[in-house]
Amino acid sequence: MPSSTTTHNHTFAPLPVPPLPEVPSGAWRHDVANRDLAGWVARIALLTRPDEVVWCDGSEEEWARMTARMVDDGTLVRLDPTLRPSSFLARSDPDDVARVEDRTFVCSSREEDAGPTNNWRDPLEMHAELDGLFAGCMRGRTLYVVPYSMGPIGGPISQLGVQITDSPYAVVSLSIMTRAGDEALALIGPDTPWVAGVHSVGFPLRNADGTRRDDVAWPCNPVKFVTHFPDENSIWSFGSGYGGNALLSKKCFALRIASTMARDQGWLAEHMLLIKLTGPSGEARHVAAAFPSACGKTNLAMLEPTLPRWRVETIGDDIAWLRPGPDGRLYAINPEAGFFGVAPGTSEATNPVAMATIREHTIFTNVALTDDGDVWWEGKTSVAPAHLVDWRGNDWTPSSTTPAAHPNARFTVPVEQCPTLSDDWFASDGVPLDAIVFGGRRATNVPLVSEAFSWQHGVFVGSTISSEKTAAQEGTVGELRRDPFGMLPFVGYNMGDYWQHWLDIGETLGDKAPKIFQVNWFRKGADGSFLWPGFGENSRVLAWIARRTAGNETTVRTPIGFVPEPAALGARALGLADGALEELLTVHEEPWLDECAQTEEFFGRFGAATPQALWDELSELTERLTVSARRRVVTAPPRDARVEEVDAA
Ligand SMILES: Nc1nc2c(ncn2[C@@H]2O[C@H](COP(=O)(O)OP(=O)(O)OP(=O)(O)O)[C@@H](O)[C@H]2O)c(=O)[nH]1
Ligand SMILES: O=C([O-])CC(=O)C(=O)O
Ligand SMILES: [Mn+2]
């Protein structure tokens, strides 16, 4: 008998089989064509232990039912229907008011793929930790399944996602921010790819031993995780109910995960608004612009030009997906279906289009409540109401020392309510881009507008964007930070590789590439006030950009790019302070050379991932600034001490 068939005399005690957990009701759906999706929902339900599972259909009836339930629960306040129909106010936990960048993780299998600007965790370790956190985290709650499409249903640039969440606030927000419900679910066939998102506020209502606790208006957890698994196209988010942390379609999918898909598939996922711009000639231009959070995207997307016979039509205000089209040009869509806009500062004077958009069917978060059941925030009117309930739910009067609305208070509203919505919003193939604009919030240095010398120089400009911190992220407001492409917190892979990807796209586009510009609405004078009136007057800058895309117009060549001749903006009529316009368009070499030194240090952080082409651009810029500075000094009055320095050099 061959030894391999020897029988052993061991007797194995059977392993104790744990009792099978009861499957939450509704977890298993037979009619879902994609079995991976059906199985995934059931598995997450077994892990998180909700009382029931509800698949959301995206209907009006669902909106009415869920908002009514949240009003009963105290999560939402119904605003006066005569003043603000079908609209609601949510007040968040005071510690859950913005994206949590230090709790945001990119869990690629290799650490170098996350790069130095992302928090990285090993995917297996992270999954193990998350499984621990999510185990039983939905006890006593409902698990909602929200299928959605990013981009027009079935469009060639569109992508599908499914979010699981135990937050009804997230469900109704997603129903505004995405094309959510049955139509999206129907598109997820047996082999269709989709991005999986698991979200929990991390506040179970029952413990494993059956003891209960009461719900609160805004459940969340001091422990927060916003985690991305780019190798498996999945997102897990725990502990927060707020915007970019909880609506996984937005920053998590449409930027972090989509940027990795875009890297692999030859397109771009960007933090950009998208507009159609039409001038007196009737010719339309499409412009995409990337600014960091709370730096003016929504305002520019909804701009009402002060320049006669110019029109801005809105396509998107926060995210754009860009893909080379069959004719070799770069096409863009807005993958979202709603605006999640900053409320403070929004008024009939600054953004009347936004004010008209949010007249009804809007969810407001962390704004103040007026005595007649409407909303208010700083800047909405020049005089504050005599009494309000502030965003924390406390009485507020104009003599209060804290703001009535949180600085990052937001409105959530369907794109289609925007009165300046462009027909192009419905174009599922996207719109061909003529110009790409980068910007930030800079009190000094950066001119009102400049045009890059080339695509490569434009990529350099994008990679060097810096901005003063705002309330949209946790941290110190006002501090200057590097925010390449407005994407620092949103690139789902190594930032250096992302720059190379932009250069590669430029190679693909060749002479069909859009022109690249940089703008800065926020330059300040010596007295600390803005030099440029901004908002509707930004149409003067847009008009210059449009004319430049047509190749018209003489410009001034500076070391950092082409700037307009001061007269080109027609800004004399604005009655700006003496010298303000000149200052807005001036490049001061010395602080710019300081900035080059900082850029060198910044590029160094990415090691070998920083493309050589960007190092070349940096040395050419440094050279142009040095030559220009020397010229300026040499032509200065002879007794200037600096002349001697230069001559001696
Ligand atoms: N001075 C000045 N302020 C502006 C201008 N445009 C926007 N702002 C202010 O900048 C803040 C943010 O503007 P938004 O348009 O909401 O910024 P965003 O880029 O859409 O922000 P996110 O939604 O966080 O990505 C608001 O307080 C605006 O009032 C401008 O042209 N000049
Ligand atoms: O994601 C959010 O919470 C809001 C937003 O648009 C941004 O911060 O850019
Ligand atoms: Mn944004």
Side-chain angles (χ1 to χ4, degrees), residues 268 270-277 279 284-292 295-297 299-301 303 305 307 310 312 315-316 320 322 329-330 332 431-442 445-467 483-487 502-503 505-506 509 511-523 532 534 537-566 568-571 581 584-587 592 617 621 624:
L268 298 164
E270 299 299 327
H271 194 198
M272 288 177 172
L273 67 94
L274 189 56
I275 54 176
K276 177 178 179 178
L277 180 64
R285 298 265 177 256
H286 292 103
V287 180
F291 310 153
C295 290
K297 288 184 299 301
N299 277 274
L300 193 64
L303 178 136
L307 267 189
W310 282 84
V312 168
I315 305 174
L322 282 44
R329 297 186 66 189
L330 189 60
V431 295
L433 286 183
D434 299 286
I436 290 175
V437 180
F438 297 119
R441 190 180 277 269
R442 293 295 306 268
N445 272 13
V446 179
L448 180 63
V449 59
S450 62
E451 178 189 329
F453 297 122
S454 64
W455 179 274
Q456 177 174 303
H457 178 231
V459 173
F460 171 79
V461 169
S463 74
T464 57
I465 292 293
S466 315
S467 195
D483 196 344
F485 292 73
M487 283 285 279
W502 263 84
L503 293 167
I505 294 279
L509 296 169
D511 60 4
K512 298 206 167 108
K515 286 196 171 194
I516 299 181
F517 299 83
Q518 179 175 21
V519 299
N520 177 25
W521 315 139
F522 300 95
R523 194 147 160 177
W532 180 250
E537 302 298 356
N538 294 336
S539 57
R540 299 172 190 280
V541 173
L542 290 178
W544 184 77
I545 288 173
R547 293 196 299 269
R548 287 297 299 161
T549 64
N552 300 338
E553 196 116 346
T554 56
T555 61
V556 180
R557 194 186 162 95
T558 78
I560 66 144
F562 300 111
V563 303
E565 290 181 333
L569 298 174
L581 187 60
L584 279 163
L585 297 173
T586 297
V587 174
W592 266 97
E617 288 293 337
L621 171 61
R624 289 192 300 267

Query - Atom pair CZ (Arg523) and OG1 (Thr586), whose distance is rounded to the nearest 0.5 Å - result: 6.5 Å
Query - Check: Ile436 and Met272 side chains under 4.5 Å, non-hydrogen atoms - result: yes
Query raised in the report: Less than 4.5 Å apart, any side-chain heavy atom of Thr464 and any of Leu621?
Result: no
Query raised in the report: For the residue pair Ala284 and Lys276, what are the closest heavy atoms and their distance?
Result: CB-CE, 3.7 Å
**Report entry** Side-chain (Lys297) to main-chain (Pro292) donor-acceptor, under 3.5 angstrom
**Finding:** yes
Query raised in the report: Is the side chain of His457 donor-acceptor paired with the backbone N or O of Ala452 at a distance under 3.5 Å, no angle test?
Result: no
Query raised in the report: Which atom names give the shortest non-hydrogen contact between Gln518 and Val446, and what distance separates them?
Result: NE2-CG1, 3.6 Å
Report task. Begin from the C-alpha positions of Val461 and Ile560 and carry the test side chain to side chain contact (heavy atoms under 4.5 Å, CB included) through to its verdict. Result -> CA-CA 9 Å; Val461 169; Ile560 66 144; over 6 Å; no
Report task. Could you tell me which non-hydrogen atom of Ala435 sits nearest to which non-hydrogen atom of Ile545, and how far apart they are? Result -> CB-CG2, 3.8 Å
Query raised in the report: Hey, does Leu448 have a side-chain heavy atom less than 4.5 Å from the side chain of Pro564?
Result: no
Query raised in the report: If you measure from CG on Leu330 to CG on Leu322, what distance do you get to the nearest 0.5 Å?
Result: 4.5 Å
Query raised in the report: Checking Arg540 side chain against Gly570 main chain: does a donor-acceptor pair fall under 3.5 Å?
Result: yes
Requested in this report: List the steps and the verdict of side chain to side chain contact (heavy atoms under 4.5 Å, CB included) for Val556 and Leu585.
Outcome: CA-CA 10 Å; Val556 180; Leu585 297 173; over 6 Å; no
Query raised in the report: Which heavy atom in Phe453 sits nearest to a heavy atom in Thr558, and how many Å separate them?
Result: CZ-O, 3.4 Å
Requested in this report: Would you confirm whether Asp483, through its side chain, and Met487, through its main-chain N or O, come within 3.5 Å as a donor-acceptor pair?
Outcome: yes
Report task. Measure the shortest side-chain to side-chain distance between Ile505 and Leu268 over non-hydrogen atoms and say whether it is less than 4.5 angstrom. Result -> yes
Query raised in the report: Which heavy atom of Pro305 sits nearest a heavy atom of Trp310, and at what distance?
Result: CG-O, 3.3 Å
Report summary line: Rounded to the nearest 0.5 Å, the CG atom of Asn299 sits from the CG atom of Asn538 at a distance of 8.5 Å
Query raised in the report: Distance-only, no hydrogens or angles: does the Ser463 side chain make a donor-acceptor pair with backbone N or O of Pro484 under 3.5 Å?
Result: no
Report task. Report the distance from atom NE2 of His286 to atom OG1 of Thr549, rounding to the nearest 0.5 Å. Result -> 11.5 Å
Report summary line: Nearest heavy-atom approach of Ala301 to Leu273 is CB-CB, 4.1 Å
Query - Audit row: Val312, Ser539, side chain to side chain contact (heavy atoms under 4.5 Å, CB included) steps and yes/no - result: CA-CA 8 Å; Val312 168; Ser539 57; 5.7 Å; no
Query raised in the report: Do Asn520 and Trp532 come within less than 4.5 Å of each other through their side chains, counting heavy atoms only?
Result: no
Query raised in the report: Is there a side-chain contact between Trp521 and Leu300 (heavy atoms, below 4.5 Å)?
Result: yes
Query raised in the report: What orientation do Trp455 and Trp502 show, parallel under 30°, tilted 30 to 60°, or perpendicular over 60°?
Result: parallel
Requested in this report: For the pair Phe291 and Ile465, evaluate side chain to side chain contact (heavy atoms under 4.5 Å, CB included) and give the outcome as yes or no after the intermediate values.
Outcome: CA-CA 9 Å; Phe291 310 153; Ile465 292 293; over 6 Å; no
**Report entry** Spacing of Arg557 atom CZ and Phe562 atom CZ [to the nearest 0.5 Å]
**Finding:** 5.0 Å
Query - Gap between atom CG of Leu569 and atom CH2 of Trp544 - 0.5 Å precision - result: 8.5 Å
**Report entry** Salt bridge Arg548-Asp434, side-chain N to carboxylate O under 4.0 Å
**Finding:** no
